[in-house]
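Position 1 is the first residue of the sequence; numbering continues from there. All ligand and atom numbering here is 1-based and tracks the order in the structure.
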Amino acid sequence: MIDPWTPTDGAASARAQFAEVFGGEPDGVWSAPGRVNLIGEHTDYNGGLCLPVALPHRTFVALRTRDDGGLGLVSGRESGVWSSELTAVGPGSVEGWPAYPAGVAWALAQAGVTVPGFDAAVASCVPYGAGLSSSAALESAFAVAIADRVGAAWTGPDPSSDEGRAFLAQACVRAENEVAGAPTGGMDQAASLRCAAGHALLLDCRDGSTRQVPFDLAAAGLDLLVIDTRAEHALVDGQYAQRRATCEAAAEALGVPTLREIDPADLQGALAALGDDVSRRRVRHVVTEIARVTEFVALLDAGRIRDVGPLMDASHESLRVDYEVTCAELDVAVATARAAGALGARMTGGGFGGSAIALIDAGTAQAVADAVSAAFADAGFTAPEFLLATPSGPAHRDV
Ligand code: GLA
């Protein structure tokens, strides 16, 4: 199991790196979590519903402002020190990982904030490239750090309020879409900035509103096991953008602003109005998936957490057959976890690799993990990794 760092260890790691590269002390250390999505996949950019929880695994940023508008960045996961200036950052101007933090500075400035230059060191225990939103954790940690350091000169909504968190999330989305060039939909940034410990975040992407839904695994005698398949996953590649474009074209053909507006009761009529089978299957996934989120939340509200498994299974099938974003590793992980006793299992995040989640009885994580590892070895796949998703808190200042 990949255990999360303690806040003390995470902050110490970022600070040590900061001292080594930039010298002296940072102004503070801020951190933000990765996420898994319980259900509601590929719905965010369709104005739909999703239900993420924040992981206990976080990205830590030790940051000190500069008064010359310069930017210096270093990460424990990457080699070299990146240097630039705020005025040089914008769409298409930054390559690689610095596009995420520099993009957040740019997007906040675009939103009217007087952003200072800064030096910063990053340390993270969010698995990288695993579909667990390491990029949103990075963006969100910088967003709260910058907001904090702007202090009294801050012009946006109070960054500790929910409105302020939505404002920061929007800046992170612009950083990712416009500076890093990944056309993602916003669920991940909302999760990292707006989740609450012990809860899942019901996010309505039509208007950005949220509700904290109690998700007490321990009280139900359950664990949420994350299986990182280690299969390559890249959001900047064309597949994600293609799915999004197909949905947007279908919405236009159906005369609605987003697929959220298709009532599940009218699904057959909508499908009949579409000219091709691929669009029909994509639309069927989105409309049925949004309905599954509503059903899932109704079960949680009714205290029936142990009954959500079939909805997770149905979500995976829809993503496999209709949306076509799973892969052999994800399908084997999910099938094996179910055979080993999981109440339900599904891929989580963008797909095409990345991670799956399995809802399991507490105390069975190692047995399920062993079964999945054995199935992967039999299939000749790279060995998977595992962690437990204890619903955790949002981005904040640590030190
Ligand atoms: C990725 C994107 C999100 C969302 C999911 C699929 O994680 O970053 O915006 O679209 O895929 O639900």
Side-chain angles (χ1 to χ4, degrees), residues 32-55 99-100 103 126-140 166 169-195 200-206 208 210 226 228-229 231-248 258-260 282 285-290 292-293 296 311-312 315-316 318-320 322-327 330 346-357 389:
R35 64 95 191 90
V36 288
N37 187 22
L38 295 178
I39 197 156
E41 219 65 84
H42 287 277
T43 54
D44 59 352
Y45 52 82
N46 288 302
L49 302 171
C50 45
L51 193 66
V53 300
L55 292 174
Y100 297 95
V126 182
Y128 186 69
L132 300 175
S133 291
S134 59
S135 49
L138 181 61
E139 293 154 5
S140 302
Q170 195 46 45
C172 293
V173 172
R174 283 199 72 184
E176 183 145 343
N177 289 172
E178 297 178 47
V179 181
T184 55
M187 166 175 71
D188 310 337
Q189 295 78 8
S192 192
L193 285 155
R194 301 174 77 184
C195 275
L201 181 79
L202 175 59
L203 173 66
D204 187 332
C205 300
R206 177 157 56 190
T210 60
V226 181
D228 172 7
T229 64
E232 190 130 346
H233 130 109
L235 285 183
V236 196
D237 84 357
Q239 290 289 332
Y240 183 95
Q242 220 179 65
R243 294 297 181 285
R244 187 170 178 159
T246 302
C247 289
E248 287 168 358
T258 67
L259 295 180
R260 172 66 180 283
R282 305 297 188 250
H285 166 71
V286 172
V287 174
T288 59
E289 182 78 353
I290 293 170
R292 280 187 287 273
V293 178
F296 195 110
L311 289 168
M312 297 173 73
S315 169
H316 187 84
S318 180
L319 288 155
R320 185 177 72 81
D322 277 350
Y323 219 65
E324 294 180 285
V325 292
T326 72
C327 60
L330 284 167
R346 56 180 295 276
M347 59 156 271
T348 189
F352 310 108
S355 293
I357 51 173

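Shown in contact with Tyr45 at under 4.0 Å from a heavy atom are these atoms of ligand 1, numbered in order with element: 10 (O). Every atom of ligand 1 with a heavy atom of Gly186 under 4.0 Å away is listed here by number and element: 9 (O). Taking a cut-off of under 4.0 Å to the non-hydrogen atoms of Glu41, the atoms of ligand 1 that pass are 6 (C), 12 (O). Of all atoms in ligand 1, listed by their number and element, those nearer than 4.0 Å to a heavy atom of Arg35 are 7 (O). Remark: ligand 1 atoms within the under-4.0 Å shell around heavy atoms of Gly185 are 9 (O). Close approach of ligand 1 to Thr184 is summarised as follows: ligand atoms under 4.0 Å from at least one heavy atom of the residue are 2 (C), 8 (O), 9 (O). Proximity to Asp44 (heavy-atom distance under 4.0 Å) selects the following atoms of ligand 1: 3 (C), 4 (C), 9 (O), 10 (O).
To the nearest 0.5 Å, atoms CZ (Arg244) and CG (Asp44) are separated by 7.5 Å. Here OG of Ser315 is found 4.5 Å from CG of Leu319. Values are rounded to the nearest 0.5 Å.
No side-chain heavy atom of Met347 sits under 4.5 Å from any side-chain heavy atom of Tyr323. A 4.5 Å side-chain heavy-atom check between Thr43 and Leu259 finds every atom pair outside the cut-off. Looking at Met312 and Ile357, their side chains come closer than 4.5 Å, going by heavy atoms from C-beta outward. For the pair Glu176/Ser135, a side-chain contact is recorded, criterion being any heavy-atom separation below 4.5 Å from C-beta on. Using a 4.5 Å cut-off on side-chain heavy atoms (C-beta onward), Leu55 and Val36 make contact.
With a heavy-atom cut-off of 4.0 Å, Gln189 does not touch ligand 1 at all.
Among the atoms of His42, some N or O lies under 3.5 angstrom from an N or O of ligand 1. Polar contact with ligand 1: present for Tyr240 (N/O pair, distance under 3.5 Å). For the pair Asn37 and ligand 1, the shortest N or O to N or O distance does not fall below 3.5 Å.
Salt bridge present: Arg282 and Glu324 bring a charged side-chain N and a carboxylate O closer than 4.0 Å.
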